[in-house]
S.K.: 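One structure follows; several queries about it will come next.
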Protein chains: 2
Amino acid sequence: MDKTHKCDKSDKCAEKRDLIIQAALELVAEQGFHGAPMAMIAEKAGVGAGTIYRYFENKDDLIRWIYKNVEERFVEVMMQGYPEHGPVRERLVHIGTALVRHLINEPLQLRFVEQFHNSPYGVDHRREKIFGQQKKDIISELFHEAVAQQIFKPLELAILFSLFFGPLVDICRDHILGFIKLDDALIEQVVGACWDALRR
Amino acid sequence: MDKTHKCDKSDKCAEKRDLIIQAALELVAEQGFHGAPMAMIAEKAGVGAGTIYRYFENKDDLIRWIYKNVEERFVEVMMQGYPEHGPVRERLVHIGTALVRHLINEPLQLRFVEQFHNSPYGVDHRREKIFGQQKKDIISELFHEAVAQQIFKPLELAILFSLFFGPLVDICRDHILGFIKLDDALIEQVVGACWDALRR
DNA sequence: TCCTACGGAATGACCGTTCATTCCCTTATA
DNA sequence: TATAAGGGAATGAACGGTCATTCCGTAGGA
């Protein structure tokens, strides 16, 4: 929930807000929640400690706001250029490739989301995602359709998601941490391998 | 590193030590590191707060000790009844199935390890694992052999591990949290799917 | 009596949050 | 234009609480 604030439009206030967000994103991504106390976020953003509370109710509010925005950007990226009427494999490869490309270009966003998922809210968030999955997002639809057409193995959505997205996120982390070196050819191979896991 | 202690052998002291370990394991697994302060661990173990420091140098020492032991148990379980001279697929299915069965029987151990991996030490530990991978554990050997025989896709070990173990651990967590319900048939299907991801 | 294990209050560091104060920009007035 | 007043934005020292760790008095066995 945003805190009501006099100047929402693109003026100095918005700039300051963005500075806080960026500082928090970086610190949490690089040091974890432990390594991102409010005082440090404020210092990195170049504002006073109290100023943060003019823009966000409390730390939870700040963290959740960042998470929501980062997640939305993930979906946007996967939907950009999505071949809506192409065959299932093409659509899936598009999603996987777009996701991996984005994650390795925005390592802070990946690390932040991972930190978030492994925290008290993380479980609640996943529960909501899985059980509240009545809303028809395009990716869930694609998976459902592929199961119905007997292209995918007849498994629950949660399992199919783990088979496909789990390894992709893992290798992005390994790339960011310098354990492996991803390039376009390798990304294609790994996405292909994840496809193989899903295929009937 | 254990702290030197007069009575190491199976007497009352060892019992008390185990109580501390069990309490810490449960609290960290269920509440995360934040929710497992030393005072709470002591209370749950039924000992004084200071007593913990007679058995472990500090909290880090305690946590690392538990992690090391839990991880060793994972390997033990995967190696129990390992069909060393069977075909690659049989050996891999054995490992995957044994791991999943163990993890869903010991949810605390899985949750603890996940908490550990997402913490400051987590990255260091993984770095050590990947770059210090000169030691020939049986599982790495199996993967190397399968690549050499062109049974697996020609990918780095870290990637193959992510493709195989990543989804397996994910679905165990989902099972523990009640999001899905694993049974023997389903485990077999999922392990089979992970095999498909690796297969050339 | 000596020595070791133990408990739990005490300690000091640190964290999120608050709030009295200051700063600065806008507006009103002459 | 010059000046004063008003008010929202920003600040950072201070507060209350929590944490890991230490310290010291006590109990019990040799």
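These numbers come from a predicted model, not from an experiment. To find a chain, count down the sequence lines: A is the first, B the second, and so on, and within it residues start at 1.
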S.K.: For D196(B), check salt bridge (Lys or Arg N to Asp or Glu O under 4.0 Å) against everything at least two apart and list the hits.
M.R.: K153(A), R199(B)

S.K.: What pair of heavy atoms forms the shortest contact from Q115(B) to V28(B), and how long is it?
M.R.: CG-O, 3.6 Å

S.K.: Please state how far atom CD in E43(A) lies from atom C1' in dG16(C), giving the value in whole angstrom units.
M.R.: 16 Å

S.K.: Specify the closest pair of heavy atoms between C172(B) and L110(B), including all atoms of both residues, with the distance to one decimal.
M.R.: CB-CD2, 3.7 Å

S.K.: Between P on dT17(C) and CZ on R54(A), what's the gap in Å once rounded to a whole number?
M.R.: 16 Å

S.K.: Is there side-chain contact between L62(A) and Y55(A), with heavy atoms separated by less than 4.5 Å?
M.R.: no

S.K.: Quick one, give me the B/S/- string for nucleotides 20-27 of chain D, reading 5' to 3', where B means a protein heavy atom under 4.0 Å from the base and S means that only happens at the primed atoms, P, OP1 or OP2.
M.R.: SBB-----

S.K.: Taking atom C1' of dC19(D) as reference, at what distance in whole Å does atom CG of L62(B) sit?
M.R.: 15 Å

S.K.: Can a donor-acceptor pair be found, under 3.5 Å and without considering hydrogens, that links the side chain of H94(B) to the backbone of M79(B)?
M.R.: no

S.K.: Go nucleotide by nucleotide along DNA chain C from the 5' end; which of V47(B) and M40(A) gets its closest nucleotide reached first?
M.R.: V47(B)

S.K.: Between I20(B) (CD1) and dC6(C) (C1'), how many Å, whole number?
M.R.: 11 Å

S.K.: For Y55(B) and dA5(C), what is the distance between atoms OH and P respectively, to the nearest whole Å?
M.R.: 8 Å

S.K.: How long is the line joining CZ of R17(A) and P of dG8(D), in whole Å?
M.R.: 20 Å

S.K.: I'd like to know if R73(B) pairs up with E76(B) as an ion pair, taking the criterion as any Lys NZ or Arg NE/NH1/NH2 lying under 4.0 Å from an Asp or Glu carboxylate oxygen.
M.R.: no

S.K.: Roughly, in whole Å, what's the span from NE2 in H34(A) to C1' in dG16(C)?
M.R.: 15 Å

S.K.: Expressed as a whole number of angstroms, how long is the span from Q31(B):CD to dC19(D):P?
M.R.: 12 Å

